[in-house]
Colleague: 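Structure incoming, see below.
This one's a predicted model, so the numbers in the text were calculated from it and none came from an experiment.
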Amino acid sequence: QVQLVESGGGLAQPGGSLRLSCVASGFTFSEYTMNWYRQAPGKQRELVATITSARTTIYADSVKGRFTLSRDNAKNTVFLQMHTLKPEDTGAYYCNTKVISGLTYVAYWGQGTQVTVSS
């Protein structure tokens, strides 16, 4: 079955850096777009970054120029490198993908990893 396991969250100071990882299994990783979402307390989950199978990346305006999303298909892993962190980057970060099942796509989520940016 499809599994997404995030890691790398923690506490960072404003201006600091963190690198999140998401290890995927149960599907042909290299063929699928991968996404990172985040959810701050009391707010809706928002899309942070996307990487396609062709390694095209798309970023939310709020993280553009600070976050970099990459993938290692040999390791079935995506990495979200976060620099110049701000308190507003605080939240639970979730890895996501949609895998084809029959004639439809099914969304899968990891369990999330917490990022807290505070001095």
Side-chain angles (χ1 to χ4, degrees):
Q1 69 277 25
V2 174
Q3 284 192 321
L4 302 172
V5 180
E6 303 100 332
S7 62
L11 176 64
Q13 291 191 338
S17 299
L18 285 173
R19 190 176 82 153
L20 307 184
S21 300
C22 171
V23 180
S25 60
F27 63 104
T28 308
F29 176 80
S30 62
E31 296 180 358
Y32 287 91
T33 292
M34 301 296 297
N35 307 296
W36 280 95
Y37 284 77
R38 69 184 178 191
Q39 187 167 20
K43 294 189 176 181
Q44 287 189 329
R45 194 171 293 190
E46 63 172 346
L47 179 62
V48 174
T50 294
I51 186 165
T52 69
S53 58
R55 301 179 188 271
T56 299
T57 52
I58 305 168
Y59 299 97
D61 287 344
S62 59
V63 307
K64 210 171 287 184
R66 300 188 298 120
F67 290 12
T68 302
L69 182 55
S70 60
R71 65 191 300 156
D72 184 337
N73 289 338
K75 296 182 179 179
N76 284 8
T77 303
V78 288
F79 301 99
L80 184 65
Q81 179 68 55
M82 306 186 293
H83 292 300
T84 320
L85 284 164
K86 303 177 181 180
E88 51 263 44
D89 294 319
T90 294
Y93 283 68
Y94 298 91
C95 185
N96 160 267
T97 190
K98 294 180 183 176
V99 177
I100 195 164
S101 178
L103 298 178
T104 189
Y105 282 86
V106 178
Y108 294 92
W109 298 88
Q111 82 286 354
T113 186
Q114 179 67 33
V115 171
T116 302
V117 183
S118 175
S119 54

Colleague: Between V2 and G26, what is the shortest heavy-atom contact and its length?
Modeller: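 Looking at all heavy atoms of both residues, the closest pair is CG2-O, 3.9 Å.
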Colleague: Enumerate the disulfide (SG to SG under 2.5 Å) contacts for residues 25-119, please, sequence neighbours excluded, ordered by first and then second residue.
Modeller: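 Every disulfide (SG to SG under 2.5 Å) pair that includes a residue of residues 25-119, provided the two are not neighbours, is C22-C95.
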Colleague: Verify the cluster assignment for L11 and V115: are they in a single hydrophobic cluster under the rule of side-chain heavy atoms below 4.5 Å apart?
Modeller: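 Looking at the clustering, V115 is in a separate group from L11.
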Colleague: Quick one: OG1 on T57 to CZ on R71, what's the gap to the nearest 0.5 Å?
Modeller: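 Answer rounded to 0.5 Å: 11.5 Å.
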Colleague: What verdict does the side-chain contact (heavy atoms from CB on, under 4.5 Å) test give for V78 and W36, after you've listed the backbone C-alpha separation in whole Å, the side-chain angles of each residue and the deciding distance to 0.1 Å?
Modeller: CA-CA 9 Å; V78 288; W36 280 95; 3.8 Å; yes
Colleague: Determine whether V106 and I100 fall in the same hydrophobic cluster, where Ile, Leu, Val, Met, Phe, Trp and Tyr are linked whenever their side-chain heavy atoms lie under 4.5 Å apart.
Modeller: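 Yes, V106 connects to I100 through the hydrophobic network.
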Colleague: Which residues pass the side-chain contact (heavy atoms from CB on, under 4.5 Å) test with S119, not counting sequence neighbours?
Modeller: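 For S119, the residues satisfying side-chain contact (heavy atoms from CB on, under 4.5 Å) (neighbours in sequence not counted) are P14.
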Colleague: Among residues two or more places apart or on two chains, list those pairs meeting ring-ring contact (aromatic ring centres under 6.0 Å, His included) that have a residue in residues 37-61.
Modeller: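 Of all non-adjacent pairs touching residues 37-61, those that pass ring-ring contact (aromatic ring centres under 6.0 Å, His included) are Y37-W109.
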Colleague: Quick one: does any side-chain atom of Q39 pair with a main-chain N or O of Q44 as donor and acceptor, under 3.5 Å?
Modeller: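 Judged by distance alone, no pair lies under 3.5 Å.
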Colleague: Show me the pairs that pass side-chain hydrogen bond (donor to acceptor under 3.5 Å, both in side chains) and involve residues 90-104, at least two apart or across chains.
Modeller: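 Only N35-N96, R38-Y93 qualify under side-chain hydrogen bond (donor to acceptor under 3.5 Å, both in side chains).
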Colleague: D72: what forms a side-chain hydrogen bond (donor to acceptor under 3.5 Å, both in side chains) with it, not counting sequence neighbours?
Modeller: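 Scan of D72 (side-chain hydrogen bond (donor to acceptor under 3.5 Å, both in side chains), adjacent residues dropped) gives none.
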Colleague: Show the numbers, then the answer: is there a side-chain contact (heavy atoms from CB on, under 4.5 Å) between L20 and T113?
Modeller: CA-CA 8 Å; L20 307 184; T113 186; 4.0 Å; yes
Colleague: Applying the 4.5 Å side-chain criterion to the ILVMFWY set and letting contacts propagate, would Y108 and M34 be lumped into a single cluster?
Modeller: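 Both belong to a single hydrophobic cluster.
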Colleague: So does E6 get a backbone contact from the side chain of Q111, meaning a donor-acceptor N/O pair under 3.5 Å?
Modeller: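 Yes: the side chain of Q111 pairs with the backbone of E6.
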Colleague: Under the side-chain hydrogen bond (donor to acceptor under 3.5 Å, both in side chains) definition, can you give me all pairs with a residue in residues 20-31, not counting sequence neighbours?
Modeller: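 Non-adjacent pairs meeting side-chain hydrogen bond (donor to acceptor under 3.5 Å, both in side chains): zero.
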Colleague: Would you mind listing every ring-ring contact (aromatic ring centres under 6.0 Å, His included) that reaches into residues 5-31, with sequence neighbours excluded?
Modeller: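 Every ring-ring contact (aromatic ring centres under 6.0 Å, His included) pair that includes a residue of residues 5-31, provided the two are not neighbours, is F27-Y32.
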Colleague: Would you say I51 and F79 are hydrophobically clustered, going by side-chain heavy atoms of ILVMFWY under 4.5 Å?
Modeller: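 Result: no, two separate clusters.
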Colleague: Hey, could you give me each pair passing disulfide (SG to SG under 2.5 Å) that has a residue in residues 32-89? Not counting sequence neighbours.
Modeller: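 Found none.
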Colleague: Could you give the distance from CG (L69) to CE (M82), rounded to the nearest 0.5 Å?
Modeller: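 L69 CG to M82 CE: 11.5 Å, rounded to 0.5 Å.
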Colleague: R66: what forms a side-chain hydrogen bond (donor to acceptor under 3.5 Å, both in side chains) with it, not counting sequence neighbours?
Modeller: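 Expected list: D89.
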Colleague: Search all heavy atoms of L80 against all heavy atoms of V48 and return the closest pair with its distance.
Modeller: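 Smallest interatomic distance, heavy atoms only, reads CD2-CG1, 4.5 Å.
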Colleague: Taking only residues two or more places apart in sequence or in another chain, which ones pass salt bridge (charged side-chain N to carboxylate O under 4.0 Å, His left out) with K43?
Modeller: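 With sequence neighbours excluded, K43 shows a salt bridge (charged side-chain N to carboxylate O under 4.0 Å, His left out) to no residue whatsoever.
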Colleague: Run the side-chain hydrogen bond (donor to acceptor under 3.5 Å, both in side chains) test against S17 and tell me which residues pass, sequence neighbours left out.
Modeller: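 side-chain hydrogen bond (donor to acceptor under 3.5 Å, both in side chains) list for S17, sorted by chain: H83.
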Colleague: So which pairs with a foot in residues 74-88 pass salt bridge (charged side-chain N to carboxylate O under 4.0 Å, His left out), sequence neighbours left out?
Modeller: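 Counting only pairs at least two positions apart or across chains, no salt bridge (charged side-chain N to carboxylate O under 4.0 Å, His left out) contact touches residues 74-88.
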